[in-house]
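Here the structure comes first, spelled out in structure tokens, and everything after it is commentary.
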Amino acid sequence: MWRQLAPALRAMVFFTLLTGLIYPGVMTALCQALFPRQANGSLVKVRGRIVGSALIGQKFTQPQYFHPRPSASNYDASASAASNDGPTSEALVERVKAAIAQFRKDNPDYSGPIPSDLVTASASGLDPDISVASAEAQAARVAAARGVSVAQVRALIRQQVERPTLGFLGPPRVNVLALNLALDRRFPRP
Amino acid sequence: MTASGVFYVVIYFLVLLALTKPLGLYMANVFEGRRTFLTPVLRPLERLTYRACGVREDVEQRWTQYAASLIAFSLVGFLFVYAMQRLEGFLPLNPMGFGTAHAPANQTAMTPDLAFNTAVSFVTNTNWQAYGGETTLSYWVQMTALTVQNFVSAAAGIAVAIALVRGFARKQMRSIGNFWVDLTRGTLYVLLPLSFLLALFLCARGVPQTLAAYVKARTLEGRVQTIAVGPVASQEAPKLLGTNGGGFFNQNSAHPYENPTPLTNFVEILAILAIPAGLTYTFGKMVGDTRQGWTLFAAMSVLFFVGVFICTHAEQAGNPNLARLGVETRATAGQPGGNMEGKELRFGIPGSALFTVATTDASCGAVNSMLDSYTPLGGLIPMFNLQTDEVIFGGVGSGLYGILLYAILGVFIAGLMVGRTPEYLGKKIEQKEVKMAMIAVISTAFAILVFAAVTLDARFAAHGYWNPPGPAVANVQNGGPHGFSEVLYAFSSASENNGSAFAGLNANTPWYNLTLGLAMLLGRFLFMIPVLAIAGSLAAKKKIPETSGTLPTHGALFAGLLVGVVLVVGALTFFPALSLGPIVEYLLMLKGKLYSSLILTAWS
């Protein structure tokens, strides 16, 4: 084995240069040239100021905005995390129970069933989307807070729905940041 | 399982099937040194590699030399990764200042045991993450240590599989190829071009590729959000193609920057199984009978479908404990239903469950949903996939040599039943081959069960060095049988070089870092070395002509035998342990039994 150490060392140095510096370096240059927006994180700017990323969920608690899913990282995009609560965990059941109670309190006009994504924590803690049902369940609250009709808010949700890619990939969904930006544009707060 | 879920799996399988032959044929040409369409571009680079490494490409090695090269290369790789991590504070491309006095407050310290664990993990193609990428590692370490191992540890796995295939294909030869040549060809001709294309695609769909520091945003509600970015696309591509699985970010392929859309998710699942599936064709081609390769493919497909069906069904059925609170677990037009705890909405239930089954069929270990929050039966499938040595397509290389060991055991068992000397592909399977196959299968089972058992009983002083929380079971987050599953899964994942986790387990303590690191080493090398020994022994044998008494090793009968051997070996070895974990938890879940958490989580 010791006779193999010399080629091993030389191979390691060579492959480190090739796949550890040249390859990522070339990819960085190419991606920055071809897809500058995506390569830098799909950042969203409002009046020149970065307000977040189109792909990364952020925290919303005010009534005039749609709220995202619960997050185990509290939407800290520098430290992604999940709850890791198991299916028979008391902590999970207590947390979901509290989330449902809070939701019912915040949205007294909604009496339908609780969509499965609305009260469960996502895997990344940064899920940017909610389901269409989760958005519609909040429509009345948002409409009241902005002083517009529920029908207007529902129409806006419909415009923002992303259908399954190729018709079968992923459930229909709404990007919370995009929806809230559209709200601010369409129905500026008084 | 919903109709769209079934459709998802069927389309996925058809695309995988369509890729298998072209990719497999290409790899056969590469490893047999024939000209391919990339030869004009890559041949000069290949020659340069041999010159840089001081290797002669026309000199072949016996199996002992081949194994020595593999071990020497892994050892040097380990030292490189270890050193890079420990020195990250002094190295360039560290905009966040990890390992220095300017590090962010949420940094995970790079202790010697964590660096050991991570280095072993990446060199053995396990890519277990006891750290969170974006809070621990500089861009330099991500690129020059982890991305490099994403390529070369995968290429080493392919090399060993090719060496074993040569053992079957050759007759009366002493050599099984040259490790350095196989390593180089696997990296340059297979992994690098595919990674290049996949990284470009991923970046186009939103995966960042930048060397700039993390971004500070002010959200619509006026909060400051620090957004971690980095050279993600270039690491993500070989992470999947090489069935590595170590993510740039803590939450791996669930993180929107690693896997931004439903389409990238579909392509990522394909990237995990494409090379392992292709290798079954490569095998058939190299032994001169493609039916042999398709038979392995068929056996793998059966196990694949069973796993996907059970897992998707269990997750779509959801958690009755939450249904009782009024959560809608049926899928409707407006919401996905099912168990969405620990899952991303854009993937839905089918896109999450398929990823989970594929990543554990292979030795990938990337995750796009949190296995710890799966329902008991949904989580049983990935665990059982690991414990049957990941032979359902499997890791790059390791899947093929794993299933070939099972094929050897299969013909041996069939030979015992009819009282004839077993043969496979014209080679007599004798004492040495069966012994070596058993060493490989038993050593991984030993590593899983013994390390898990010792850990469950290991007691340490609280606030001591080995395990600050105290006894080793104090590190599990969930109480009851689920906590047991967390420990069993961790050692299954490490021993099988998978790297996925029931992530509630706090595994970043010296005890877990060291024992899991040892389990990875046992699982990698006590599997690979017996495989190479078999390759050497087979290559030296004569080919015996087929007779009417030869058991045909192609067709449905042999595929069925193979499926049976995999299931029986797995079930006999692990059924007792699985009954104490996921199975009993399933029954208790139906009764509504709940367990309190053992440790407080960072929930806010």
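A, B, ... follow the sequence lines: proteins, then strands. Residue 1 opens every chain.
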Rounded to the nearest 0.5 Å, how far apart are [atom1] of [X] and [atom2] of [Y]?
| X | Y | atom1 | atom2 | value |
| --- | --- | --- | --- | --- |
| B/Tyr257 | A/Gln38 | OH | CD | 11.0 Å |
| A/Ser122 | B/Leu345 | OG | CG | 9.5 Å |
| A/Leu30 | B/Cys203 | CG | SG | 9.5 Å |
| B/Leu220 | A/Leu181 | CG | CG | 5.0 Å |
| A/Leu126 | B/Phe249 | CG | CZ | 9.0 Å |

Practice problem: Begin from the C-alpha positions of A/Lys59 and B/Arg223 and carry the test side chain to side chain contact (heavy atoms under 4.5 Å, CB included) through to its verdict. | Solution: CA-CA 8 Å; A/Lys59 193 170 177 177; B/Arg223 295 185 184 86; 3.9 Å; yes
Considering only heavy atoms, which portion of [X] lies under 4.5 Å from any heavy atom of chain A: side chain, backbone, both, or neither?
| X | value |
| --- | --- |
| B/Arg346 | both |
| B/Val207 | backbone |
| B/Leu79 | neither |
| B/Ser195 | both |
| B/Asn106 | side chain |
| B/Leu70 | neither |
| B/Gln142 | neither |
| B/Ala333 | backbone |
| B/His482 | side chain |
| B/Asn368 | backbone |
| B/Phe502 | neither |
| B/Leu322 | side chain |
| B/Ala199 | both |

Self-check item: N-O pairing of A/Arg95 and B/Glu341 below 4.0 Å
Solution: yes
Identify the two heavy atoms, one from [X] and one from [Y], that lie closest to each other, and give their separation to 0.1 Å.
| X | Y | result |
| --- | --- | --- |
| B/Val148 | A/Gly20 | CG2-CA, 3.4 Å |
| B/Glu585 | A/Thr88 | OE2-OG1, 2.9 Å |
| A/Val51 | B/Ala217 | C-CB, 3.9 Å |
| B/Thr187 | A/Thr19 | CG2-CG2, 4.1 Å |
| A/Ser78 | B/Thr135 | O-CG2, 3.3 Å |
| A/Arg10 | B/Arg51 | NH2-O, 3.4 Å |

Quiz prompt | Residue list, ring-ring contact (aromatic ring centres under 6.0 Å, His included) with A/Tyr110, at least two apart or on another chain | solution = none
Taking every heavy-atom pair that is under 4.5 Å apart, which of [options] has the most such pairs with chain B?
| options | answer |
| --- | --- |
| A/Leu34, A/Ile50, A/Val132, A/Val26 | A/Ile50 |
| A/Leu17, A/Leu92, A/Leu177 | A/Leu92 |
| A/Ala6, A/Ala29, A/Ala79 | A/Ala79 |
| A/Pro128, A/Gly57, A/Cys31 | A/Cys31 |
| A/Ala135, A/Pro7, A/Pro115 | A/Pro7 |
| A/Thr61, A/Thr120, A/Leu21, A/Asn84 | A/Asn84 |

Exercise. Before giving the answer on side chain to side chain contact (heavy atoms under 4.5 Å, CB included), spell out for B/Val229 and A/Asn40 the whole-Å C-alpha distance, their side-chain angles and the decisive distance to 0.1 Å.
Key: CA-CA 7 Å; B/Val229 291; A/Asn40 292 309; over 6 Å; no
Quick one: does [X]'s side chain have a donor or acceptor within less than 3.5 Å of a partner on [Y]'s backbone?
| X | Y | answer |
| --- | --- | --- |
| B/Tyr8 | A/Phe168 | no |
| A/Gln58 | B/Gln225 | no |
| B/Asn321 | A/Pro87 | yes |
| A/Asp85 | B/Gly342 | no |
| A/Asp127 | B/Glu344 | no |
| B/Gln209 | A/Gln32 | no |
| A/Ser80 | B/Gln251 | yes |
| A/Ser116 | B/Gly337 | yes |

Quiz item: What part of A/Leu43 lies closer than 4.5 angstrom to a heavy atom of chain B: side chain, backbone, both or neither?
Solution: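 A/Leu43 touches chain B through side-chain heavy atoms alone.
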Quiz item: Among side-chain atoms of B/Thr219 and A/Tyr75, is any donor-acceptor pair under 3.5 angstrom?
Solution: no
Exercise. Begin from the C-alpha positions of B/Leu183 and A/Phe15 and carry the test side chain to side chain contact (heavy atoms under 4.5 Å, CB included) through to its verdict.
Key: CA-CA 10 Å; B/Leu183 176 77; A/Phe15 283 117; 3.9 Å; yes
Between [X] and [Y], is any pair of side-chain heavy atoms under 4.5 Å apart?
| X | Y | result |
| --- | --- | --- |
| A/Met27 | B/Phe196 | yes |
| A/Thr28 | B/Thr210 | no |
| B/Phe80 | A/Val13 | yes |
| B/Gln61 | A/Gln4 | yes |
| A/Phe14 | B/Leu48 | yes |

Self-check item: B/Phe151/A/Tyr23 aromatic ring centres below 6.0 Å
Solution: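 Yes; A/Tyr23 has its ring centre under 6.0 Å from that of B/Phe151.
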Exercise. Walk me through it: do B/Leu325 and A/Ile114 pass the test side chain to side chain contact (heavy atoms under 4.5 Å, CB included)?
Key: CA-CA 9 Å; B/Leu325 303 177; A/Ile114 298 289; over 6 Å; no
